[in-house]
Amino acid sequence: MIILEYFLLAGIIMCAAAAPLCKRLLSMVIVYMAFSLLMAVLWSLLQSPDLAITEAAVGAGVTSILFFLTLKKIHALKGTRDE
Amino acid sequence: MRPFVENFPFFCIFLAILAGVLSAVIPKGRIAYQMTLCVSGIIAVLSALVLDYVFRNDLSFTYTMGRFIAPYGNAIKCGPLQALLAMAFSAVVAMSLMGGRRDLFHDVLPEKQRFYFTMVNLLEAGLLSLVYTNDVFTGYVFIEISTITACALVMAKDTGTNLIATIRYLFMSLLGSSLFLVGLTFLNSITGYLLMPSLSEAVQKVAASGEYQVPLTVAVGLIMAGLGIKSAMFPFHLWLPDAHGGATTASSAILSGLVLKGYIVLMMTLMIRVFTLDLMVEMGVTNVILIFGLLGMVFGSLGAIREYHVKRMLAYSSVAQIGYIFMGLGLGTTAGVVASCFHILVHACCKPLLFCCAGRLSAVSGHHRSLKNLRGSAYRDVGAGIGFTVGALSMIGIPLFGGFVSKLYFASASLPTNQTALTLFTIALSTVLNALYYVPALLAIWLKPSAEDEAAVLADATPDQLSFDRSFTTAATILTLAIFVLGIFYHPITSVIEAGVRLI
Amino acid sequence: MLETVLQNRFAVTAVILFGIGFTNLLLQQNLLKKVVGFNIMDSAVFLLLASLGYIEGGIAPIVGDRGFDPLYINPIPSGLVLTGIVVSVSITAFSLALIQRIYRHYGTIELRELLERAKKEED
Amino acid sequence: MNNSSEKQNWRKRIVSWVDGDREPKDQTLFVMERRQPRFPRPSEEEREKREKSHLKKFFNWYPIAATIICVSLIGILMAAALSMPTFGQADNPINNEVSEHYLEHGEEETGSANAVTAMILSYRGFDTLGESCVLFLAVVSVMMLLLRDEKNTDEHDLQKMRSEDIIAEEHHDIILKQAARFLVPCIFLFAIYVLLNGETSPGGGFSGGTILGAGLILFSSAYGPGNMRMILTYETYSAVRTFGLVLYITLYGAYIFIGANNLPNYLEGMTLLIDLAVGLVVACTVYGFYAMFARGEI
């Protein structure tokens, strides 16, 4: 269990460091989504299921949708009908 | 069964929230405006009743939010100081709205005006909660409410520069509130409480035991830094001139006059009620605040001297005045805190008056903002000219005006401390600097321009803007009277503040 | 030293995350990256806060008749973090909407360019 | 004659001082005149150049200052984190009588077995009210920015949106539609389960409301805004949102009033109602974000 914890913590730090370094904004948002999901897992490890549910629904779900819609509006998504 | 009057603070907060929620569905902006004025008036009256009750009985009471007593449930605490500030804040909100009424309906799109009033109402609720709260985490939530509403007020004018100013303001505020939350986390980890009275006991215990000294220091530092960033303490003031200078008149008045003060009041409450002044002096926090306050007084004025855009000049002047308030807190004595509270009141009256008058003066000059184009505008609306003069003289610190009394109190508060010479010198320097930018501004608005200049300026003004503005004149008259009251009959007010600081 | 780091691993991770987020919020010029930085920073604070309430061997604080008296974790930090997450989402939505409008107006979301344009516009 | 010209001169001086147009020639008249002109009048290019260099200077020192601040902040925080109470110990200061009280008496005092729900809805309900206000404020400010008006939308945008709608009508996304037909009822059911079950299991108003909002988003993106408007117009949307919040505020206000005045408890079991109201507010907020971001209208 403790090994899993270390892996998760390292993964979270890696995601957090990688996200803003991505050149493409789309990859940044996807890495940030992964960060949120890892956070949700970590919270269920910390015995806070309420937080895990909320983080998975809000952090990884709603926030990502909002980010994607913003990317579409600022023409940062390649391959959409805007371009 | 507690006396019924003790319910009023809670009624005020909920009334403001309810008004905010309802004004989002009112179809017409004007009706929402009337409702906001009514609600602010009711809150001011209720707070006045509370003030009468607490001051006459010389008490402060804790009002549990729910059935659960401290430390299990939320609570708010009300004493003379809180009631006085709540009364002043809600009255000033109403006056700012009245003073900037015409600009507001001109700058904000008609279908978005109701949203603007939602923001104003909820901002008022946020400010009241910041004043009344007895729980640090409630403080955090309402800080966030104030942040969002303040940003929304800045961007309500909806021009490009406004949007950029808003996003800078937003990022800076987020930084501040995140630091505040980290500070709270550390504090919570070593004490385990969130309600201020129990937190205070636990902090004293921790400080006495010597264990966890590092987290305690870091927590105090982060909380103060977070609130300092949000209230534009000197090195963190760069966002302020754009945000306050570019917004619509009513927003600038509310933001400069009240929002910054809300955070400072919370900071003051934390300093006295939770950490106690002795501990703050011992940890050296007060000295840091004092230095930043003094620097802010000088550099804010220097920034204002270089400005020729009248609203940005006033915004820089706010930085300097915030510096005065921090200086009072930084003296680390009760007298200093009293002087700061008095200055909060004075500035809450002066700055909205100045912003409203500046807005009105630039409206009668065809919405030109630079001082050069405002030349002679005082003759086009004498009320605005007189209001601007009174506000400016009070800011400089001429006797009979409110600003003089607060400077007097600052000076006398600095006498028993170690930093007397430094403080007095900075007050004198800052007064000179204040005069250096307010006197030219006054001369500019009262000197007659040459005929062709005036014609060029007036070509941009519509007759609609030049016509008499009743709501503005009412607001300006009331605020001017308030400044004179603060300057002449200051003694009862300071005795209320002294009782309030004692019972905080 | 190492033992302390390993014991307080959640706090240490949270501080590192906070540092990453804070640095991005201050140093990135791209507004969207700033928003992501802010989100990371807030998550870090929540991680720190949530780890305070954990007790070794505790279970989620859902009280029920289990026939024995288990050790529960501290419910207070969880509740606070729940509030914090919702606040942070609201602010993210607000700032993203602002970024959309700024892009519409100026056609860029690089802060440096924006400041230069705004200065020009003001004159 | 002479006197009046001198007066003119004097006036001119003040005017130029006020405007900061140029340095006055005679410096003995006013002491204050010695300061720099407050209104320098450089030529256009010169001014632009100066602005640019000013900004450049700002951008040059800014990263250095920011890096210093970041590094020192991380150092300070790390020092604090390492001297904090050890992780996971039961005798840490945070595990005091407050949390014990919540765990031991939470169920009998508030009627909910989940201590977290009990805490956020009853013990510290005022925070939660503030949190709902934050959500409401966020959606209102997003509407302030993105709700279509003459400033943020022009004919071109409307045309593009219409053509996109037409394309979406013509090319049925069959996978999305079939999946949505199956998923949407499930999501709604799950949301209602989480919403109603928040008292005894993880979940409650916030999670349930978010899931409900996600269901609405899925429905809207699968069947298009036209079908969505059949079940949710702008008027119903704002009515539901206002109803949820007003219900919450009045219920909670009554609850506080009763509790603080030690009146008999008339509101037994109102946690469920409050939970439902919170769920409504959150669902409306989440869907409102989506609609505003995607189309600028509900």
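Proteins get letters first, then strands, A, B, ... in listed order; numbering begins at 1 in each.
With chain D as the partner, the residue from A:L66, A:L51, A:T70 showing the most heavy-atom pairs under 4.5 Å is A:L66.
By the neighbour-count criterion of 12 heavy atoms within 6.0 Å, atom CZ of A:F7 is sparsely surrounded, having that number or fewer from other residues, nucleotides or ligands. Atom OH of D:Y234 has more than 12 heavy atoms from other residues, nucleotides or ligands within 6.0 Å. The 12-atom threshold is exceeded at CD1 of A:I2, counting heavy atoms of other residues, nucleotides or ligands nearer than 6.0 Å.
Atom CD1 of D:I211 is separated from atom CD1 of A:I53 by 6.5 Å, given to the nearest 0.5 angstrom. Here the CZ-CZ distance, from D:F293 to A:F68, works out to 14.0 Å after rounding to the nearest 0.5 Å. The structure places NZ of A:K73 at 7.0 Å from CG of D:L146, a figure rounded to the nearest 0.5 Å. Going from atom CZ of D:R295 over to atom CG of A:L69 covers 10.0 Å, rounded to the nearest 0.5 Å.
For a residue to count as touching a neighbouring chain, one of its non-hydrogen atoms must lie under 4.5 Å from one of that chain's; by this rule D:Y287 does not touch chain A. Interface remark: A:I65 contributes side-chain atoms only to the contact with chain D (heavy atom separation under 4.5 Å). Contacts between D:A214 and chain A at a heavy-atom distance below 4.5 Å are absent for every atom of the residue.
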